[in-house]
There are 2 protein chains.
Amino acid sequence: MKYGPDIALVASLIGEPARANMVLALMSGQALSAADLAREAGVTPPTATGHLAKLVSAGLLAARKQGRHRYFEIAGPDVGQAVEALIAVAARAGHLRARSGPKDEAMRHARSCYDHLAGRVAVEMFGHWMASGILCWRGGALHLTRKGRDFLGARGIAFDALENGKRPLCRGCMDWSEKRHHLAGSLGAQILEMTVAKGWAARERNLRTVSFSRRGEENFVRWYSQPLAG
Amino acid sequence: MKYGPDIALVASLIGEPARANMVLALMSGQALSAADLAREAGVTPPTATGHLAKLVSAGLLAARKQGRHRYFEIAGPDVGQAVEALIAVAARAGHLRARSGPKDEAMRHARSCYDHLAGRVAVEMFGHWMASGILCWRGGALHLTRKGRDFLGARGIAFDALENGKRPLCRGCMDWSEKRHHLAGSLGAQILEMTVAKGWAARERNLRTVSFSRRGEENFVRWYSQPLAG
DNA sequence: ACAATAGTTCGGCTACGATCAAACTATGAA
DNA sequence: TTCATAGTTTGATCGTAGCCGAACTATTGT
């Protein structure tokens with residue numbers, strides 16, 4: 001008897017609506033408590049405990065105990081990628097669910113997706129960078145052009161350091177609400193981090209929403225859209 | 001009430017063992033009949049009919065009627081990617097299943113994976129190309145180096161034409177049986193096609209097994225391992 | 001026309017797993 | 001200590017979905 005990877009086990013874990021909601025809630029990259037996840041999933045705490053135990057023991061989520069809380073997060077980038085791939089299939093095939101999509105207007109405007117910026121703001125930045133030749137598709141993968149490197153260098157992004165991990169520097173990620181790509185990968189993460197560090201936007205507690213101040217958003221748009229001098 | 005992609009629906013379809021076996025059997029890229037898939041999945045024809053109807057109506061499989069047969073195949077590359085991502089998670093987390101892995105020695109040796117070559121032969125080629133600097137990981141993505149371009153150019157692979165699709169030129173794909181990467185992407189597909197075209201190997205009917213002739217395998221190994229003159 | 005094969009529909013059986021209430025343990029606060 | 005909150009365990013209930021046998025339709029071959 002030979003063995004292969006048991007994708008049915010993994011898929012069936014994600015295939016239960018309550019668990020899928022939990023995993024999706026964690027896709028922002030934030031760790032959430034068991035009670036938060038119970039609420040997200042629309043089930044009672046005992047039920048949530050059961051689901052979470054399965055997800056952790058299967059290696060999809062990681063748990064960390066802190067005082068009387070237990071915080072959960074996505075166990076690894078492979079899990080995130082699998083979920084994103086499932087999102088892509090579901091979106092293409094037109095399967096929508098009623099609960100827990102981008103919840104409201106604020107969330108559609110700007111939110112975090114795993115660890116990078118998503119929503120209308122992010123999609124617009126992406127479109128602008130494609131149009132001005134900072135990013136391009138080559139061989140199905142997203143690339144930072146030479147012009148893009150100059151551009152980011154001039155704006156103080158140390159993309160050299162970002163490029164050494166196993167993680168792609170830039171990757172296209174399908175935006176749920178806008179149905180167009182936005183920027184993921186380590187560069188995408190870096191940009192969200194910078195946006196928060198500069199005080200242009202704040203990540204809401206326990207929510208995927210990212211709230212830009214009026215001034216912050218203007219600055220951000222200027223930051224990504226101002227052409228290189230020379 | 002807002003809407004988002006229903007990943008639970010998609011995942012639960014793949015999450016049923018019989019259906020997962022069907023989908024995995026189709027990952028070779030070949031179309032299989034309903035009866036073939038029933039056998040693959042270990043269920044009776046009526047049960048298979050039910051599963052296939054669900055998979056087709058959900059947009060995961062495509063069906064084509066031919067005479068009194070109905071042939072099924074993976075509906076699109078996004079589905080293939082989702083399955084591959086699930087394989088990666090399952091493999092990393094160590095979830096194995098008893099049924100229907102790489103079935104026998106021949107299959108472990110060489111088989112097709114979606115549309116490219118997999119198995120020991122493919123993993124060895126991949127390792128050789130990494131070691132000799134034809135391929136390299138950069139920023140988490142697999143790249144064909146300049147040296148690799150020369151190398152393939154000299155061997156008559158028109159990789160320029162391959163590079164224009166939305167599909168990546170080269171991508172690492174985790175090998176089930178060998179637990180190391182092999183080469184996927186349009187280049188990987190092209191190589192499998194060439195291998196068959198040159199008569200070095202043949203794809204078995206209705207099976208993922210790829211059988212190399214003794215002579216063919218020697219030629220293939222020579223083809224990929226002979227260093228560039230000069 | 002007849003038989004053979006591929007696939008489907010129907011009906012009923014069965015089992016698994018999601019769910020919750022209630023009782024319990026563990027941590028932190030007053 | 002005592003109370004409150006976070007999380008877990010237990011046990012029982014209940015729906016759903018997978019499964020098959022039998023009967024049916026459709027296509028091909030003789």
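Numbers restart at 1 for each chain; the letters A, B, ... are given by sequence-line order, proteins then strands.
- Between B:Thr44 and D:dC19 there is no side-chain polar atom (N or O) within less than 4.0 angstrom of OP1 or OP2.
- Residue-to-nucleotide proximity on DNA chain D shows that, of B:Arg68 and A:Ala35, the 5′-proximal contact is made by A:Ala35.
- Phosphate contact (OP1/OP2 of D:dT8, side-chain N/O of A:Thr49, threshold under 4.0 Å): present.
- Taking 4.0 angstrom as the limit, A:His51 places a side-chain polar atom (N or O) nearer than this to OP1 or OP2 of C:dT19.
- Listed pair A:Thr47 / C:dA18 fails the phosphate criterion, with no side-chain N or O lying under 4.0 Å from OP1 or OP2.
- For the helix from C:dA1-D:dT30 to C:dA30-D:dT1, the end axes, each set by the C1' atoms of five terminal pairs, are bent relative to each other by 30° (nearest 10°).
- Of the possible donor and acceptor atoms, none in the side chain of B:Arg92 sits under 3.5 Å from a partner among the backbone N and O of A:Val79.
- Atom CG in B:Leu37 sits roughly 16 Å away from atom C1' in C:dT8 (whole-Å rounding).
- Checking side-chain atoms of B:Arg19 against main-chain N and O of B:His51 turns up no donor-acceptor pair under 3.5 Å.
- For D:dA26, neither phosphate oxygen OP1 nor OP2 lies less than 4.0 angstrom from any side-chain nitrogen or oxygen of B:Arg70.
- Under 4.0 angstrom from either OP1 or OP2 of C:dA18 there lies at least one side-chain N or O belonging to A:Lys54.
- Nearest heavy atom pair, residue A:Met125 against residue A:Tyr224, reads CG-CG, 3.4 Å.
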